[in-house]
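First the structure, in the form of structure tokens, and then the observations on it.
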Amino acid sequence: MSPAQVPDHRPGTALVRRPGPRFDDGLTTHIDRVPVDPDLAARQWADYVAAFRAGGWATVEVEPADDLPDAPFVEDTVVVVDDLAVVARPGARERLAETTGTERALAGLGFRIERITAPATLDGGDVLKLGSSWFVGVGGRTSHEGARQLADLVAPLDIRVVPVRTSRALHLKTTVTALPDGTLLGYVPLLDEPDAFPNLTPVPERNGWRVVLLGDDRLLVSTSAPRTSQMLVDRGYELVAVDISELEKRESSVTCLSVRLRGLTLGTEDACC
Ligand SMILES: CN(C)C(=N)NCCC[C@H](N)C(=O)O
């Protein structure tokens, strides 16, 4: 079993990227568009990053990109496993330029770089990792060819890619999230193929219920899904809840704003990249 398949629940390093002054211009697809206060979004983003640092994580900041409104959603620009960074090719043309900064940051940290190449597209938000089986949402921002290219790149790590049709939500990880024990949470009305996911636990809320594993049984969640949060508490998880409501106005969730890197030996100080 390659290291990629052994879930690592220890704190690591979170790759993040701050929102810029044009954050209000960020894309919306499946939600009603409302104005955003970029200063409030920046403060909430800082609180999100602080939650990682409080949990023992180091943080690495991708160079800011004030001309790219969706830059904070760094999850979509790369898929990382072990020492491999697969640079994505976002399905929204407005976001293509975001990958340059992410690639520069990860190359600077010594990651082995591979890329999804045109005409294929892939957003990292469509990649749900579940041990040696990765579910990849296709039909929206990620093309079937993008899923195929990813499959070829991770096959040497004994990882199998399972394409899943995703048309009712922005990304696969808008609809499904994985708990540390491998249980999947999902909002069933947004799933094109609910039967594709083993032991799926339905959540009561449409938005705000995704999770990021901070370590052991500590989960980073949004304050926007209190009923799902109570479900997690009842299952024995310790929650760190952050208010990212201004960021959620541009279709964000807690998974979008970071890429978790393992095996790095950075301290808990910021590493500039
Ligand atoms: C899991 N999710 C949803 C993500 N990883 N990405 C959110 C991207 C939002 C951005 N405004 C856009 O429309 O691309």
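Both counts, for ligands and for their atoms, begin at 1 and track the order of listing.
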Distance to 0.1 Å, residue and atom name: give those for the protein heavy atom nearest to atom 2 (N) of ligand 1. Cys256 SG, 2.9 Å
Of all heavy-atom pairs between Lys249 and Thr28, which one has the smallest distance, and what is that distance? O-CG2, 3.5 Å
Will you find, in the side chains of Thr77 and Glu98, an N or O donor that is under 3.5 Å from an N or O acceptor? no
At what distance is the nearest protein heavy atom to atom 6 (N) of ligand 1, and which residue and atom is it? Asp76 OD2, 2.8 Å
For the residue pair Phe23 and Phe73, does the interplanar ring angle fall in the parallel (under 30°), tilted (30 to 60°) or perpendicular (over 60°) class? tilted
Heavy atoms only: which of Leu27, Thr175, Thr174 is nearest to atom 11 (N) of ligand 1? Leu27
Heteroatom distance test (His171, ligand 1): nitrogen or oxygen, under 3.5 angstrom: yes
List ligand 1 atoms under 4.0 Å from Glu75, heavy atoms only on the residue side. 1 (C), 4 (C), 5 (N)
Evaluate the side-chain proximity of Arg235 to Leu179: yes if any heavy-atom separation is below 4.5 Å, no if none is. yes
Within the 4.0 Å heavy-atom shell around Phe73, which atoms of ligand 1 are there? 8 (C), 9 (C), 10 (C), 11 (N)
Do we see a donor-acceptor contact under 3.5 Å between the side chains of Arg89 and Thr121? no
Of the listed options (Glu94, Arg141, Arg95), which comes nearest to atom 13 (O) of ligand 1 when hydrogens are ignored and any heavy atom counts? Arg141
Indicate yes or no: at least one non-hydrogen side-chain atom of Val259 is less than 4.5 angstrom from one of Thr102. no
protein heavy-atom neighbour closest to atom 10 (C) of ligand 1 works out as Asp70 OD1, 3.3 Å
Do Ser132 and Asp158 have side-chain atoms, one donor and one acceptor, less than 3.5 Å apart? no
For Gly125, the ligand 1 atoms with a heavy-atom partner under 4.0 Å come out as 5 (N)
Just by distance, with hydrogens left out, do Arg210 and Thr255 show a side-chain donor and acceptor under 3.5 Å apart? no
I'd like to check whether Arg250 has a polar contact with ligand 1, where a contact means an N/O of the residue lying under 3.5 Å from an N/O of the ligand. yes
Just wondering, are more than 12 heavy atoms of other shown residues or ligands nearer than 6.0 Å to CZ in Arg33? yes
Would you say Ser253 has any N or O atom under 3.5 Å from an N or O of ligand 1, going by distance alone? no
For ligand 1, note which part of Thr255 has a heavy atom under 4.0 Å away: side chain, backbone, both or neither. side chain
Here the atoms of ligand 1 under 4.0 Å from any heavy atom belonging to Glu251 are 3 (C), 7 (C), 9 (C)
